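Keep in mind that this is a model prediction, so the values were computed, not measured.
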Amino acid sequence: MGEAPTFILQELQNGIGNGFELKSGTFETDTIVGDKKYIIGGTNGETFSVKDQILDNNGLGACVDLIELGTKPISCNGHSAVLLKDRILILKETAKPDDCIWFLEVDTPYVRQQKKILGTDVVAWSKGVIGNSEKPVVISGPSGVGKGTLISMLMKEFPSMFGFSVSHTTRAARGMEKDGVHYHFTEKNVMEKEIKDGKFLEFASVHGNLYGTSVEAVELVSDAGKRCILDIDVQGARSVRASSLEAMFIFICPPSMEELEKRLRDRGTETEEQVLKRLRNAQAEIEQGRSSGIFDHILYNDKLEECYENLKKLLGLDECITPPKSSPPKEINLPRDHSVSKIDDKIIISSISSGLEKESKNLIMLDVSSLKGGAPGRTRGLDFQVIGSFSDGFNGNGPF
Ligand SMILES: Nc1ncnc2c1ncn2[C@@H]1O[C@H](COP(=O)(O)OP(=O)(O)OP(=O)(O)O)[C@@H](O)[C@H]1O
Ligand SMILES: Nc1nc2c(ncn2[C@@H]2O[C@H](COP(=O)(O)O)[C@@H](O)[C@H]2O)c(=O)[nH]1
């Protein structure tokens, strides 16, 4: 079978962008941002790819080297591309409701920072999510202070509300620890490669081993509708503060260094050498925890039950309050054949569906005015409304 002729897949309004089928199952959109053209394409079932051209006065350009960060979407039967301020909104056709909205960041603070670090042109993918999830909670403090104990209590009492971000580490597993549950136990070279590939939200060398939070670890919890808890050291907390992830930062302090040492020794999980190393590091961590301005709250873990009650108060979980039932995520159903236009922060998606006797026009308004987070994880804060379904030109229930 020969290649299908090139044709315009969608005629988008307001000069937003064009979708072309290049050959059977391969689609492309061109989006011009300043003097650059981003060519976003994909073959059905394979991951999207991006080419970036610097345009000359004639609108022609040569491709430049480009690094794509974040998880790439899988391509489908065509897509629309809509330029927002610093990112391109991608609407995938015939995709599942939780997979149809994506963003390619081209000039966000994250992308600008990565350009500086990597010294080349960078774009970053993130998946669009309707609505917001509650801010993740970052819990830091010196080794042995009781972070893990407090987090376990919280997860036990509110299993449907909280989810734990499972970190990666290069340290060996302790007796009872399970891979994928307590940590993802990883080889150093594998983790270093994944850090280079932009898979980590933060990472740090802690007590002689590498630890890190993958973007996926946090997003898996949020996607399940739960509030994510991160147990990370102060360096990691600082990196998260500087990232696109909005979080609540809590530092746990021991009542004294003597008590910290006792807890670490009584736990019996570290060698003498490791205990001494962790205690030496604890001094600096406590100083930074108290004074760095990273943390929103400091809790003293003297009496465990008291500290736990204080933690619950910070999280808005005072006693006897039934935890709010999380509402199911709102999902958009993107019509198969649609056209897209943009009015300020509103994206209007219109489609025609044919019934037995009449045709009807459907309109969906996607609100992109309050985007939160972003690459390399998820872009949250999207909202949408079905603003009309009109048959045969009759305007029965919509504003138009
Ligand atoms: N308030 C407390 N009073 C007495 N013992 C405590 C208290 N909180 C926790 N512990 C005990 O202290 C030990 C260390 O606690 P935990 O393992 O939770 O610390 P951690 O901060 O998570 O340490 P790491 O950072 O090394 O993982 C455990 O044996 C735990 O039972
Ligand atoms: N920066 C990060 N620190 C992390 C992460 N996961 C755990 N940690 C911190 O490491 C120490 C030691 O933990 P242990 O399990 O070996 O006792 C502790 O302070 C944790 O908070 C991470 O992903 N990033």
Side-chain angles (χ1 to χ4, degrees), residues 136-169 171-185 204 206-207 209 211 213 217-218 221 226-237 240 247-272 274-283 285-286 288-290 294-319 321 323:
V137 185
V138 171
I139 299 188
S140 278
S143 177
V145 71
K147 303 179 295 296
T149 308
L150 290 162
I151 292 170
S152 299
M153 291 165 86
L154 202 59
M155 306 270 289
K156 198 167 166 205
E157 190 175 359
F158 304 102
S160 61
M161 268 187 103
F162 295 99
F164 185 61
S165 154
V166 181
S167 293
H168 283 60
T169 182
R171 85 151 160 75
R174 294 176 187 141
M176 298 295 284
E177 286 179 333
K178 286 204 185 98
D179 189 28
V181 176
H182 299 93
Y183 280 106
H184 297 287
F185 295 100
V206 190
H207 318 311
N209 283 297
Y211 292 76
T213 308
V218 176
V221 176
K226 296 185 181 184
R227 191 166 189 186
C228 184
I229 308 223
L230 288 82
D231 173 347
I232 59 177
D233 85 319
V234 177
Q235 306 168 77
V240 176
M248 177 193 246
F249 293 79
I250 302 173
F251 187 78
I252 314 284
C253 241
S256 65
M257 287 306 287
E258 292 71 31
E259 175 63 16
L260 184 70
E261 180 166 355
K262 180 174 179 312
R263 287 181 197 174
L264 255 184
R265 288 189 187 287
D266 289 353
R267 189 171 73 180
T269 50
E270 264 65 41
T271 62
E272 178 61 17
Q274 285 162 351
V275 167
L276 293 175
K277 186 182 245 178
R278 286 177 182 235
L279 287 173
R280 273 197 306 276
N281 292 342
Q283 292 282 9
E285 285 176 289
I286 293 169
Q288 288 178 42
R290 282 184 176 146
I294 298 172
F295 295 94
D296 304 307
H297 307 279
I298 296 179
L299 286 180
Y300 284 85
N301 183 16
D302 186 357
K303 303 256 180 311
L304 183 60
E305 281 304 329
E306 263 175 40
C307 184
Y308 180 57
E309 288 308 315
N310 289 333
L311 175 63
K312 286 202 293 182
K313 271 187 203 144
L314 286 184
L315 299 173
L317 301 165
D318 300 59
E319 333 154 24
I321 288 184

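Considering OG of Ser167 and CG of Leu230, their distance stands at 7.0 Å, rounded to 0.5 Å. Between Lys277 atom NZ and His207 atom NE2 the span is 9.0 Å, to the nearest 0.5 Å. Atom CG of residue Asp231 and atom CD1 of residue Ile151 lie 4.0 Å apart, to the nearest 0.5 angstrom. Atom CG in Leu260 sits 9.0 Å away from atom CD in Gln283 (nearest 0.5 Å). Between the CD atom in Glu306 and the CG atom in Leu311 there is a gap of 13.5 Å [rounded to 0.5 Å]. The OH atom of Tyr183 lies 9.5 Å from the CG atom of Asn209; values are rounded to the nearest 0.5 Å.
Within the 4.5 Å cutoff, the side chain of Cys253 has heavy atoms near those of the Ile286 side chain. A 4.5 Å side-chain heavy-atom check between Leu264 and Glu261 finds every atom pair outside the cut-off. Contact annotation: the side chain of Lys312 approaches that of Phe158 to within less than 4.5 Å [non-hydrogen atoms, C-beta and beyond]. At least one side-chain heavy atom of Arg267 sits under 4.5 Å from a side-chain heavy atom of Ser143. Looking at Gln235 and Gln288, their side chains never come closer than 4.5 Å, going by heavy atoms from C-beta outward. Leu304 has its side chain within reach of Leu150: a pair of non-hydrogen atoms, C-beta onward, lies under 4.5 Å apart.
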Next item on the list: Please report the C-alpha distance between Phe251 and Ile294 in whole Å, then the side-chain angles of each, then the deciding distance to 0.1 Å, and finally whether the side-chain contact (heavy atoms from CB on, under 4.5 Å) criterion is met.
Entry: CA-CA 9 Å; Phe251 187 78; Ile294 298 172; over 6 Å; no
Next item on the list: Just do the side-chain contact (heavy atoms from CB on, under 4.5 Å) check on His182 and Met176 with the steps written out, would you?
Entry: CA-CA 9 Å; His182 299 93; Met176 298 295 284; 5.8 Å; no
Checklist line | Check against side-chain contact (heavy atoms from CB on, under 4.5 Å), Leu315 and Met161 | finding: CA-CA 11 Å; Leu315 299 173; Met161 268 187 103; over 6 Å; no
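A salt bridge is absent between Glu259 and Lys262; no separation between the charged side-chain nitrogens and carboxylate oxygens falls under 4.0 Å.
Aromatic ring orientation, Phe295 versus Phe249: perpendicular (interplanar angle above 60°, classes split at 30° and 60°).
Residues satisfying the salt bridge (charged side-chain N to carboxylate O under 4.0 Å, His left out) criterion with Glu305, sequence neighbours excluded, are absent altogether. Take Leu276 and apply the side-chain contact (heavy atoms from CB on, under 4.5 Å) test, not counting sequence neighbours, and it matches Arg265, Glu272, Arg280.
Here the closest heavy-atom approach between residue Gly163 and residue Lys226 is recorded as N-CB, 4.0 Å. Between Ser140 and Lys147, the closest heavy-atom pair is C-CD, 3.5 Å. Summarising the geometry of Glu285 relative to Asp233, their closest heavy-atom pair is OE2-CB, 4.0 Å, with the distance given to 0.1 Å. Ser165 and Thr213 get closest at one heavy-atom pair: OG-CG2, 3.4 Å. Among all heavy-atom pairs drawn from Leu154 and Tyr308, the shortest one is CA-OH, 3.5 Å. Annotation for Ile250 and Leu314: closest pair CD1-CD1, 3.9 Å, computed over non-hydrogen atoms.
Looking at Asn301, its side chain does come within 3.5 Å of a backbone N or O of Val145 through a donor-acceptor pair.
Applying the side chain to side chain donor-acceptor pair (under 3.5 Å) test to every pair with at least one member in residues 171-180, sequence neighbours left out, gives these pairs: Arg171-Glu177, Arg171-Tyr211, Arg174-Glu270.
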